[in-house]
Amino acid sequence: MKEITIKDKKFAVSIPESYIQGEVKKLAERISQDLEGKNPLFLGVLNGSFMFAADLFRDISIPAQISFVKLASYEGTLSTGVIKEVIGLSENVTGRCIVIVEDIIDSGLTMQRLLENLGTRNPAEIHICTLLLKPENLKADLDVEYVALQIPNDFIVGYGLDYDGWGRNSRDIYTVVDD
Ligand code: 5GP
Ligand code: MG
């Protein structure tokens with residue numbers, strides 16, 4: 001089993017690149033079918049979603065736009081519950097079909113905050129798309145329409161997701177190993 005160490009923690013591969021790529025492609029095809037004719041605006045949530053958003057968006061086969069926002073709420077391996085403001089949304093979302101692109105939905109509180117914020121800007125519709133969902137931990141009442149992968153409640157890194165800023169460049173997803 002391939003293992004890496006980041007700072008004080010050991011991680012082992014849990015989702016290989018080839019499997020991620022297959023699921024991302026399927027999701028892009030589904031979204032393209034569902035949102036045909038709606039000229040959606042994808043909104044990637046930085047930093048974690050940059051790799052997923054790039055791969056997903058390349059496989060969107062309908063006319064679409066993409067932009068990125070920032071909204072940090074996490075430090076180390078435990079959610080702090082501290083949710084910051086939405087930064088960097090310069091597009092006019094009024095009347096648009098929005099697809100929020102997240103790396104991971106854990107408690108769902110970050111997504112809830114983002115939905116509230118976007119809701120005040122009068123979009124026509126908002127769809128939630130996430131690479132990863134931890135269903136066991138979900139506290140917010142969300143309709144998570146587009147999920148590439150469901151995972152257990154363990155801390156993961158890779159494919160854009162970090163541990164204190166490190167590990168984003170792994171092509172595979174790694175899960176922390178308890179010691
Ligand atoms: P939520 O608000 O849904 O609890 O947390 C969402 C944010 O927490 C994600 O955007 C991500 O930044 C972070 N997060 C939650 N679980 C993990 C995890 O297993 N690994 C990493 N790297 N980040 C996580
Ligand atoms: Mg995120």
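Both counts, for ligands and for their atoms, begin at 1 and track the order of listing. A quick note: this is a predicted structure, and the numbers were derived from the prediction, not measured.
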_Taking distance alone, with N or O pairs closer than 3.5 Å, would you say Tyr163 contacts ligand 1?_
no

*Quick one: which of Val176, Ile156, Asn47, Thr175 has a heavy atom closest to atom 20 (N) of ligand 1?*
Ile156

*At the 4.0 Å heavy-atom cut-off, does Asp154 count as touching ligand 1?*
yes

*Which one of Arg168, Lys134, Lys139 has a non-hydrogen atom at the shortest distance from atom 16 (N) of ligand 1?*
Lys134

*Under a heavy-atom criterion of less than 4.0 Å, does Glu102 contact ligand 1?*
yes

*Checking side chain to side chain contact (heavy atoms under 4.5 Å, CB included) against Cys129, which of Val144, Ile105, Ile31, Leu43 comes through?*
Ile31

*asked:* Using a 4.0 Å cutoff against the non-hydrogen atoms of Thr110, which atoms of ligand 1 qualify?
replied: 1 (P), 2 (O), 5 (O), 6 (C)

*Mind checking whether Val157 has a heavy atom under 4.0 Å from ligand 1?*
no

_If the threshold is 4.0 Å, N to carboxylate O, is there a salt bridge linking Lys26 and Glu29?_
no

*How are the rings of Phe52 and Tyr159 set to each other: parallel, tilted or perpendicular (split at 30° and 60°)?*
tilted

*Give, for atom CE of Met111 and atom CG of Leu71, the distance between the pair rounded to the nearest 0.5 Å.*
9.5 Å

_Metal environment of the Mg ion (ligand 2), protein N/O/S under 2.8 Å_ = Glu102 OE1, Asp103 OD1

*Check each atom of ligand 1 against the heavy atoms of Asp162 and keep those under 4.0 Å away; list them by number with element.*
21 (C), 22 (N)

*Measure up the Phe57 and Phe42 rings against each other and bin them: parallel (under 30°), tilted (30 to 60°), perpendicular (over 60°).*
perpendicular

